[in-house]
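The structure displayed is predicted, hence computed values, not measured ones.
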Amino acid sequence: MLNGIKIFSSDNVWRQILSEFGAEVLDAPDVVGVDFDALEIPQPATAMEIKTAIQNAIDGNIHELHKILGRTVQLPVTQAQIVLLLKKTGGMPASDLRTAMGYSPNATTHTVDTAIYQLRKRFGRNFIINDGGVYKLGGL
């Protein structure tokens with residue numbers, strides 16, 4: 001029901017329930033996941049009410065992407081996460097960006113680098129700039 005969705009909850013019972021629904025339960029809130037505790041879902045709630053609240057939180061990210069890009073664009077999850085992270089934080093060093101996305105800061109994976117390359121290819125070289133080792137959103 002919630003496959004592929006990253007969710008944080010501080011409550012162990014909710015963590016178990018969300019995990020059983022297929023969500024990836026985070027140990028701490030982050031800027032790309034859903035903070036279940038902040039949703040303030042009235043109790044008792046049905047599974048559909050929970051799913052709707054989570055989907056509304058995710059839709060908020062879609063609206064944020066629309067504001068950043070000036071139009072509705074479908075992006076792969078990794079690319080969307082990078083754009084949202086850079087917008088929300090104002091910029092991040094590569095190691096912090098990798099960590100925020102769930103990779104080791106010293107990871108040899110090129111997933112983040114490749115996603116940035118693809119975003120630049122799609123929206124222009126200046127869309128994501130590297131300013132003194134810090135990735136930032138530039139202009140479209």
Side-chain angles (χ1 to χ4, degrees):
M1 181 166 125
L2 299 175
N3 293 338
I5 297 174
K6 294 181 179 185
I7 301 177
F8 165 77
S9 179
S10 60
D11 184 282
N12 286 332
V13 173
W14 277 114
R15 291 174 62 82
Q16 180 64 35
I17 293 168
L18 294 166
S19 177
E20 289 173 5
F21 282 163
E24 179 184 337
V25 180
L26 304 172
D27 292 326
D30 70 13
V31 294
V32 295
V34 174
D35 185 346
F36 186 79
D37 297 348
L39 297 179
E40 299 179 3
I41 300 170
Q43 300 301 314
T46 66
M48 285 311 297
E49 289 170 329
I50 294 167
K51 184 177 180 181
T52 299
I54 292 168
Q55 189 61 51
N56 288 342
I58 293 167
D59 287 346
N61 285 343
I62 293 169
H63 293 297
E64 185 66 23
L65 279 173
H66 179 82
K67 287 187 340 191
I68 295 166
L69 301 172
R71 63 187 188 273
T72 301
V73 176
Q74 288 206 341
L75 294 176
V77 172
T78 302
Q79 291 178 29
Q81 288 175 338
I82 289 171
V83 173
L84 291 170
L85 278 167
L86 295 180
K87 175 64 174 175
K88 290 178 181 179
T89 63
M92 299 178 84
S95 61
D96 291 349
L97 184 57
R98 280 193 294 276
T99 300
M101 301 214 26
Y103 299 101
S104 166
N106 301 318
T108 57
T109 179
H110 295 285
T111 303
V112 174
D113 299 323
T114 301
I116 290 172
Y117 169 79
Q118 291 167 339
L119 285 163
R120 286 174 169 163
K121 185 176 176 184
R122 184 168 183 180
F123 298 109
R125 177 83 178 124
N126 292 326
F127 179 61
I128 295 178
I129 57 173
N130 189 323
D131 182 16
V134 176
Y135 284 113
K136 297 180 180 182
L137 288 180
L140 287 174

Joint hydrophobic cluster, I68 plus V134, side-chain heavy atoms closer than 4.5 Å | no

Does the side chain of I17 reach to within under 4.5 Å of the side chain of I50, using non-hydrogen atoms?
-> no

Between A57 and V34, which heavy-atom pair has the shortest distance, and what is it?
-> CB-CG1, 4.0 Å

In Å and rounded to the nearest 0.5 Å, what is the CG to CG distance from L86 to L119?
-> 9.0 Å

For the pair R15 (side chain) and L26 (backbone), establish whether a donor and an acceptor sit closer than 3.5 Å, ignoring hydrogens and angles.
-> yes

Find out whether D37 and W14 are in side-chain contact, i.e. whether some heavy atom of one side chain is under 4.5 Å from a heavy atom of the other.
-> no

Is there a side-chain contact between I128 and F123 (heavy atoms, below 4.5 Å)?
-> no

V25 with V13, same ILVMFWY side-chain cluster at under 4.5 Å = yes

Identify which one of N130, D131, T89 satisfies the side-chain hydrogen bond (donor to acceptor under 3.5 Å, both in side chains) criterion when paired with K136.
-> D131

Of all heavy-atom pairs linking A80 and L65, the shortest is CB-CD1, 3.7 Å

Can you find a heavy atom in the side chain of L39 that is under 4.5 Å from one in the side chain of I54?
-> yes

Minimum heavy-atom distance between V112 and R98, given as atom pair plus value = CG2-CG, 3.9 Å

In terms of hydrophobic clustering (I, L, V, M, F, W, Y; side-chain heavy atoms under 4.5 Å; direct or indirect links), are I41 and F21 co-clustered?
-> yes

Once you round to the nearest 0.5 Å, how far does CG of D35 lie from CD of E40?
-> 10.0 Å

So NZ of K6 and CD of E24: to nearest 0.5 Å the spacing works out to 5.0 Å

Answer whether the closest heavy-atom distance between the side chains of I129 and Y135 falls below 4.5 Å.
-> no

Non-hydrogen atoms of E64 and L84 that approach each other most closely = CG-CD2, 3.7 Å

Looking only at heavy atoms, which two atoms of H66 and R71 are closest? And how far apart?
-> ND1-C, 2.9 Å

Check M92 against A100 and note the closest heavy-atom contact, atom names and distance.
-> CE-CB, 3.8 Å

Flag side-chain contact, heavy atom, 4.5 Å: V83 against F127 = yes

How long is the span from the CG atom in L18 to the CG atom in L2, to the nearest 0.5 Å?
-> 6.5 Å

In Å, rounded to the nearest 0.5 Å, how long is the span from CG of L97 to CD of Q81?
-> 9.5 Å

Q79 side chain to P76 main-chain N or O, any donor-acceptor pair under 3.5 Å?
-> no

Do T78 and T114 come close enough that some side-chain heavy atom pair is under 4.5 Å?
-> no

